[in-house]
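Heads up, the thing below is written out as structure tokens.
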Amino acid sequence: MIKPRARSTKPGAALLAWYDAHRRELPWRALAGEAPDPYRVWLSEIMLQQTTVATVKQRYAAFLSRWPAIDDLARAPLDDVLAQWAGLGYYARARNLHACACAVVEAYKGRFPRDEAALRRLPGVGAYTAAAIAAIAFDQPCVAVDGNVERVIARLHAVEAPPRKVAPLIREKAAALMSPARPGDSVQALMELGALICAPRTPDCPACPLSPDCAARRLGAQSDYPAREVKAPKPKRRGAIFILRRGDEALLLRRPPRGLLGGMNAFPSTPLTQDIAAAEFSRFAPAPARWRALEAPVTHIFTHFALEATVFVAHTRGKAAPADCRWAARANLGKEGLPTLMRKAAAHAGLLDA
DNA sequence: TAGGCGTGGGT
DNA sequence: TACCCAAGCCT
């Protein structure tokens with residue numbers, strides 16, 4: 001039996017001390033001792049949902065510069081927000097971001113509520129984000145459990161079940177590490193530890209302030225935690241994307257209202273959530289024309305399926321756009337806010353740089 | 001409640 | 001190549 005290494009401070013205090021010494025400076029993070037801006041905290045939390053810090057770093061400044069305060073964002077057309085979001089994925093976030101800004105302006109005069117329950121009712125704000133905003137922006141004793149926290153706690157206590165199956169336990173153990181005097185820093189410290197030290201693949205245990213207390217490390221089994229969820233196999237689907245050109249200056253675009261790529265500009269296509277046999281492609285063309293299939297298909301991996309899309313190109317002289325479609329100037333294609341799959345198709349057809 | 005919902009980087 | 005993973009939310 002290996003005993004925990006003796007220590008003179010409690011784990012929560014050790015965690016905070018580590019955070020004070022090693023915290024990153026991030027564009028959305030207030031400097032030590034400065035008051036955070038709730039709008040910036042909220043904006044960053046939405047962008048960071050299932051998205052890496054490195055990616056958000058590249059995109060956050062442009063958002064903040066374009067819409068420096070929540071009133072600016074609420075006044076902006078939704079289309080502008082979606083175009084600015086293009087390429088970031090999970091586009092419901094952008095629709096909810098705009099809806100949330102409007103809600104805060106209308107219901108709260110542009111000031112975010114401080115209450116976790118009230119935050120939780122805002123569009124796009126779930127259990128994690130509500131707790132994170134309450135703790136980080138308003139220093140309230142709320143426990144925000146994200147993937148980092150799940151991993152840290154699962155290792156610290158050698159939790160055998162997948163974290164989502166034992167959420168109350170994870171939350172309770174995370175709460176035990178919070179310092180009542182500094183809830184916001186405690187929450188960020190847990191996440192920072194998961195991001196910098198207690199990493200998914202190769203945790204840097206010698207540098208970890210919690211290693212004397214870590215059950216997984218005592219077992220020498222850090223990589224066994226957290227327990228993996230069983231996941232469904234990712235199906236492969238085939239489909240077609242139709243790029244209709246009018247003369248040399250216009251392209252046909254449509255906009256799926258919801259669901260996959262909802263709200264985003266797109267070329268007409270087969271229903272991408274279905275596997276369509278090649279023989280059926282022509283049924284889904286947006287207009288009769290001499291459709292020519294490009295040589296190799298475009299491939300794209302979504303969260304829950306892999307797509308192999310044949311890109312068809314045709315020219316038309318017709319002025320009228322088919323139902324649900326519109327003509328967009330080719331010169332503006334780069335500003336239309338195309339999701340990545342559609343950018344790939346456009347690049348494949350020589351209409352955009354890859 | 002489990003599945004739908006993007007994307008890019010790492011191994 | 002084929003996974004895994006990232007400061008999740010919604011229905």
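Numbers restart at 1 for each chain; the letters A, B, ... are given by sequence-line order, proteins then strands.
- Among residues at least two apart or in separate chains, side-chain hydrogen bond (donor to acceptor under 3.5 Å, both in side chains) pairs with a member in residues 91-109 of chain A are T51(A)-R93(A).
- With dA7(C), dG4(B), dG8(C) as the candidates, the nucleotide lying closest to the side chain of M191(A) is dA7(C).
- Annotation: proximity of residues 31-50 of chain A to DNA chain C (heavy atom, distance under 4.0 Å) is found for E45(A), L48(A), Q49(A), Q50(A), numbered in ascending order.
- Among the heavy atoms of the strands, none lies under 4.0 Å from V56(A).
- Between W85(A) and F63(A), the distance separating the two ring centers is shorter than 6.0 angstrom.
- Applying the 4.0 Å criterion to OP1 and OP2 of dG6(B), one finds that H300(A) has every side-chain N and O outside that range.
- T51(A) contributes a side-chain N or O that forms a donor-acceptor pair with the base of dG6(B) under 3.5 Å.
- Between dA7(C) and R29(A), no contact under 4.0 Å exists linking OP1 or OP2 to a side-chain N or O.
- Sorted by first and then second residue, the side-chain hydrogen bond (donor to acceptor under 3.5 Å, both in side chains) pairs involving residues 189-207 of chain A (not counting sequence neighbours) are R24(A)-E192(A), R29(A)-E192(A).
- For the pair Y128(A) OH and dA6(C) P, the computed distance is 13 Å after rounding to whole Å.
- A search for salt bridge (Lys or Arg N to Asp or Glu O under 4.0 Å) contacts involving R120(A) returns nothing, not counting sequence neighbours.
- Within the structure, ring pair (Phe, Tyr, Trp, His ring centres under 6.0 Å) pairs that include any residue of residues 14-35 of chain A comprise W18(A)-H22(A), W28(A)-Y60(A) (at least two apart or interchain).
- Among the heavy atoms of the strands, none lies under 4.0 Å from R121(A).
- When the side-chain nitrogen and oxygen atoms of T129(A) are compared with OP1 and OP2 of dC9(C), one or more of them lie within a distance under 4.0 Å.
- Comparing the P positions of dA7(C) and dT11(B) gives an interatomic distance of 15 Å, to the nearest angstrom.
- Applying the side-chain hydrogen bond (donor to acceptor under 3.5 Å, both in side chains) test to every pair with at least one member in residues 277-287 of chain A, sequence neighbours left out, gives these pairs: E280(A)-R283(A).
- Residue pairs meeting the salt bridge (charged side-chain N to carboxylate O under 4.0 Å, His left out) criterion with at least one member in residues 227-242 of chain A, sequence neighbours excluded, are R238(A)-D275(A).
- When the P atom of dC5(B) is taken as reference, atom CZ of R237(A) falls 8 Å away, rounded to whole Å.
- When the side-chain nitrogen and oxygen atoms of Y91(A) are compared with OP1 and OP2 of dT7(B), one or more of them lie within a distance under 4.0 Å.
- Each of L26(A) and P123(A) lies near DNA chain C, and the nucleotide nearest L26(A) is the one positioned closer to the 5' end.
- Spacing between atom CZ of R95(A) and atom P of dC5(B) amounts to 10 Å, rounded to whole angstrom units.
- Rounded to whole Å, the distance from CD on E229(A) to C1' on dA2(B) is 10 Å.
- Taking only side-chain nitrogens and oxygens, H304(A) comes nearer than 4.0 Å to OP1 or OP2 of dC5(B).
- Judged purely by distance below 3.5 Å, without hydrogens or angles, the side chains of Y128(A) and E45(A) pair a donor atom with an acceptor atom.
- Note on G194(A): nothing from the nucleic acid sits closer than 4.0 angstrom, heavy atoms only.
- At the phosphate of dG3(B), neither OP1 nor OP2 sits under 4.0 Å from any side-chain N or O atom of K231(A).
- Rounded to whole Å, atom P of dG8(B) lies 9 Å from atom CZ of R59(A).
- Annotation: of the two residues near DNA chain B, A232(A) and A92(A), the 5′-most nearest-nucleotide partner is A232(A).
- Under the side-chain hydrogen bond (donor to acceptor under 3.5 Å, both in side chains) criterion, the residue pairs touching residues 302-312 of chain A are Y90(A)-T303(A), with sequence neighbours excluded.
- Within 4.0 Å (heavy atoms only), A144(A) reaches no atom of the nucleic acid at all.
- Note: CZ (F305(A)) to C1' (dA2(C)) measures 18 Å, nearest angstrom.
- Residue contacts for I136(A): at a heavy-atom cut-off of 4.0 Å it reaches no nucleic acid atom on any strand shown.
- Computed from coordinates, the E308(A) CD to dT1(C) C1' distance equals 15 Å when rounded to whole Å.
- Residue D20(A) places its CG atom among more than 12 non-hydrogen atoms of other residues, nucleotides or ligands, all under 6.0 Å distant.
- Listed by residue number, D146(A), G147(A), N148(A), R151(A) are the residues of residues 145-173 of chain A with a heavy-atom contact under 4.0 Å to DNA chain C.
- Between the NZ atom of K234(A) and the P atom of dG4(B) there is a distance of 12 Å, given to the nearest Å.
- Across dG6(B) and dT1(C), the matching P atoms stand 24 Å from one another, rounded to whole Å.
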Set out, line by line, the N/O atom pairs under 3.5 Å between protein and nucleotides 9-11 of chain B.
none

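- The side chain to side chain donor-acceptor pair (under 3.5 Å) search around R111(A) returns none, not counting sequence neighbours.
- Comparing the same atom, P, in dC5(B) and in dA6(C) gives a spacing of 22 Å after rounding to whole Å.
- Listed candidates were dC5(C), dT7(B), dA7(C). Nearest to the side chain of F302(A) is dT7(B).
- Under the 4.0 Å criterion applied to side-chain N and carboxylate O atoms, D80(A) and R75(A) are not assigned as salt-bridge partners.
- The salt bridge (Lys or Arg N to Asp or Glu O under 4.0 Å) search around E160(A) returns none, not counting sequence neighbours.
- Using a 4.5 Å cut-off on side-chain heavy atoms (C-beta onward), L64(A) and Y39(A) make contact.
- In the set dG6(B), dA6(C), dC10(C), dG6(B) carries the atom at the smallest distance from any side-chain atom of T303(A).
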